[in-house]
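These notes are about the structure you will find just below.
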Amino acid sequence: MNSMKKNCKESSTGRQITKWYKTKGRNNLPWRENITPYRVWISEIMLQQTQAKTVVNYFEKFISNYPTFEDFKSASEEDVLSLWKGLGFYRRARNLYRAKEMILKKFNGKLPNSFENLITLPGIGKSTAGAILSIAYKLPYPILDANVKRVLTRLFFKTNSNEKELWDLSSQILDKKNVDDFQQGIMDLGATVCTPKNALCGECPLNKQCISFSKGELPTVNVKKINKKNVYLEFEIYEKNQKIFLIKNNQLGFWDGLWIMPIAKTKQLKTEIIHKLSHRNLHISFANRSKDELKSEGKWFDIAQLSKLPTPKPISDKLSVYVQNFL
DNA sequence: GACTCGTGGAG
DNA sequence: TCTCCAAGAGT
C-alpha cells in the first residue's frame with residue numbers, strides 16, 4: 001500500500017518533468033530534430049562525459065558526412081577518428097566503428113531495439129542503452145547520467161548515494177507514456193536549472209517536493225581525488241619536401257590510434273607547453289631532427305593532409321604552424 | 001570497485 | 001590561474 005502511494009507520487013514527478021520540458025527544455029540541439037535511432041546513437045556516444053554545447057559542432061559535422069547509417073556503413077576507423085579529432089575520449093570513436101561493424105554482421109544493419117542486444121555493442125552501456133531505447137524507440141528504460149544523478153540525489157537528498165539506489169529511483173520516476181520527452185527533460189533540468197553550482201531552484205518545477213530545497217541544504221557528494229602525474233615528452237619533428245613524419249600511437253597509454261610525432265628517448269626534462277589530461281600533466285617539448293636519424297615505424301604525410309589527420313590537441317596545435325606556413 | 005580515458009566550459 | 005566537472009564505458 002505504501003509503495004503504491006509512493007509510485008503514484010513519483011510518476012507524477014515524471015509528468016511534471018515532461019511538462020516542464022515542453023516549454024522550458026533546450027530546443028536548439030540538433031540531435032533532437034529528425035530523430036532516428038542512428039542519430040540518437042551517434043549523439044549519445046558523443047555526449048558521454050561531454051557537454052552538449054561541445055558536441056553540437058561535432059555532431060553536425062559527423063551527420064553531414066554520414067547522414068544515415070547507410071552512408072556510415074563503409075566508413076573506416078580512421079574516418080571516424082578524423083571526425084572525432086579534438087573531441088577527446090577517442091576510445092569512443094574506435095568503439096563506434098566496432099559497433100557499426102557488429103551491427104552490419106550480427107544485426108542485419110539495424111541498430112537493435114532491445115536492451116540485451118544494445119549493451120553487447122562496444123561503447124553502449126546501461127545508460128546509453130536506456131537513452132537510445134527511451135528517445136529513439138520510446139521504450140521506458142532508465143538512464144543515469146551526471147544530470148540525472150544530480151537531480152535525483154538532490155530531489156531525494158541522497159547523501160553519498162550508491163548507484164543501485166539511483167538506478168531504482170530513475171526507474172521509479174519515469175513518465176512511461178512520454179519517456180522520450182521525459183528523459184530529455186530530466187537531463188535538461190540538470191543541465192540548466194539543477195546545476196552543479198548556483199542552482200536556479202526558484203525556477204525548478206520540482207522545488208515544492210525537493211527535499212534539498214526544503215532543507216536549504218545540498219546532500220554531500222564524495223569527490224574522487226585524482227593524483228595527477230607529471231609526464232615529460234619530447235616529440236621529434238622530421239620534415240622534408242613539405243612532408244612530416246608521424247607514427248600511429250599505441251605506446252603512451254592514452255591517445256590510442258592517433259597520429260603523433262616519434263618520441264625522443266631523452267632524460268632531459270624540458271617543458272615548452274603543459275597539456276593537461278584528466279589524469280596527467282604532460283610537459284611537452286619538440287626537437288627538430290634530420291631524417292638521417294629516423295628509426296621509427298611510421299608514415300610521411302603531406303602537410304596538406306595534416307589538418308584532417310586524427311592527431312591529439314597539442315600535436316594538432318604544433319602541426320598547424322606548418323600548415324599555416326604551407327598555405 | 002577503483003581506475004582510466006581528453007578537452008573545454010564555467011565559476 | 002586553478003578547480004570542478006561534463007548525456008559513461010571498459011577493464
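For K24(A), the NZ atom sits in a loose shell: 12 or fewer heavy atoms of surrounding residues, nucleotides or ligands are nearer than 6.0 Å. Surrounding NZ of K106(A) are at most 12 heavy atoms belonging to other residues, nucleotides or ligands under 6.0 Å away.
Out of dG10(C), dA7(C), dT7(B), the shortest distance to the side chain of L277(A) is found at dT7(B). Taking only side-chain atoms of R91(A), from C-beta outward, the nucleotide of dA7(C), dC5(C), dG10(C) with the closest atom is dG10(C). The side chain of H279(A) sits closest to dT4(B) out of dA7(C), dT4(B), dT7(B). Each of dA7(C), dC5(C), dC2(C) was ranked by its minimum atom distance to the side chain of V223(A); first place goes to dC5(C). Proximity note for T128(A) (side chain, C-beta onward) versus dA7(C), dG8(C), dT3(C): the nearest is dG8(C).
Side-chain atoms of R92(A) and base atoms of dA9(C) include no donor and acceptor less than 3.5 Å apart. No N or O donor and acceptor, one from the side chain of R150(A) and one from the base of dA6(C), sit under 3.5 Å apart.
W84(A) comes within contact range of no nucleotide atom at all, as no heavy-atom separation falls under 4.0 Å. Backbone-only engagement by K126(A) is indicated by non-hydrogen atom pairs under 4.0 Å involving sugar-phosphate atoms exclusively. Counting any heavy atom pair closer than 4.0 Å across all strands shown, T50(A) reaches a base atom. Residue contacts shown for F89(A) include a base, since a base heavy atom lies under 4.0 Å away. Here G253(A) lies in heavy-atom contact (under 4.0 Å) with sugar-phosphate atoms only. Within 4.0 Å (heavy atoms only), S127(A) reaches sugar-phosphate atoms of the nucleic acid but no base atom.
Between dT7(B) and Y58(A), no contact under 4.0 Å exists linking OP1 or OP2 to a side-chain N or O. At the phosphate of dA7(C), neither OP1 nor OP2 sits under 4.0 Å from any side-chain N or O atom of S43(A). The phosphate of dT7(B) (OP1 or OP2) has a side-chain N or O of W255(A) nearer than 4.0 angstrom. Taking 4.0 angstrom as the limit, H275(A) places none of its side-chain polar atoms (N or O) nearer than this to OP1 or OP2 of dG6(B). A sub-4.0 Å separation between OP1 or OP2 of dA10(B) and a side-chain N or O of K53(A) is present. The shortest distance between the side-chain N/O atoms of Q48(A) and the OP1/OP2 oxygens of dG8(C) is not below 4.0 Å.
Positionally, the nearest nucleotide of DNA chain C for Q51(A) lies more toward the 5' end than for the other of G123(A) and Q51(A). Mapping K197(A) and K229(A) onto DNA chain B by nearest heavy atom places K229(A) at the nucleotide closer to the 5' end. Along DNA chain C, the nucleotide closest to I119(A) and the one closest to D145(A) are compared, and the more 5′ of them pairs with D145(A).
R32(A) and S43(A) form no side-chain donor-acceptor contact under 3.5 Å, judged by distance and modelled atom types alone.
Judged by the 6.0 Å and 45° rule, K100(A) forms no cation-pi pair with F69(A).
The distance between the ring centers of Y66(A) and F62(A) falls below 6.0 angstrom. Aromatic pair F89(A)/W84(A): ring centres not closer than 6.0 Å.
Taking atom P on both dA9(C) and dG8(B), the two are 23 Å apart, rounded to the nearest angstrom.
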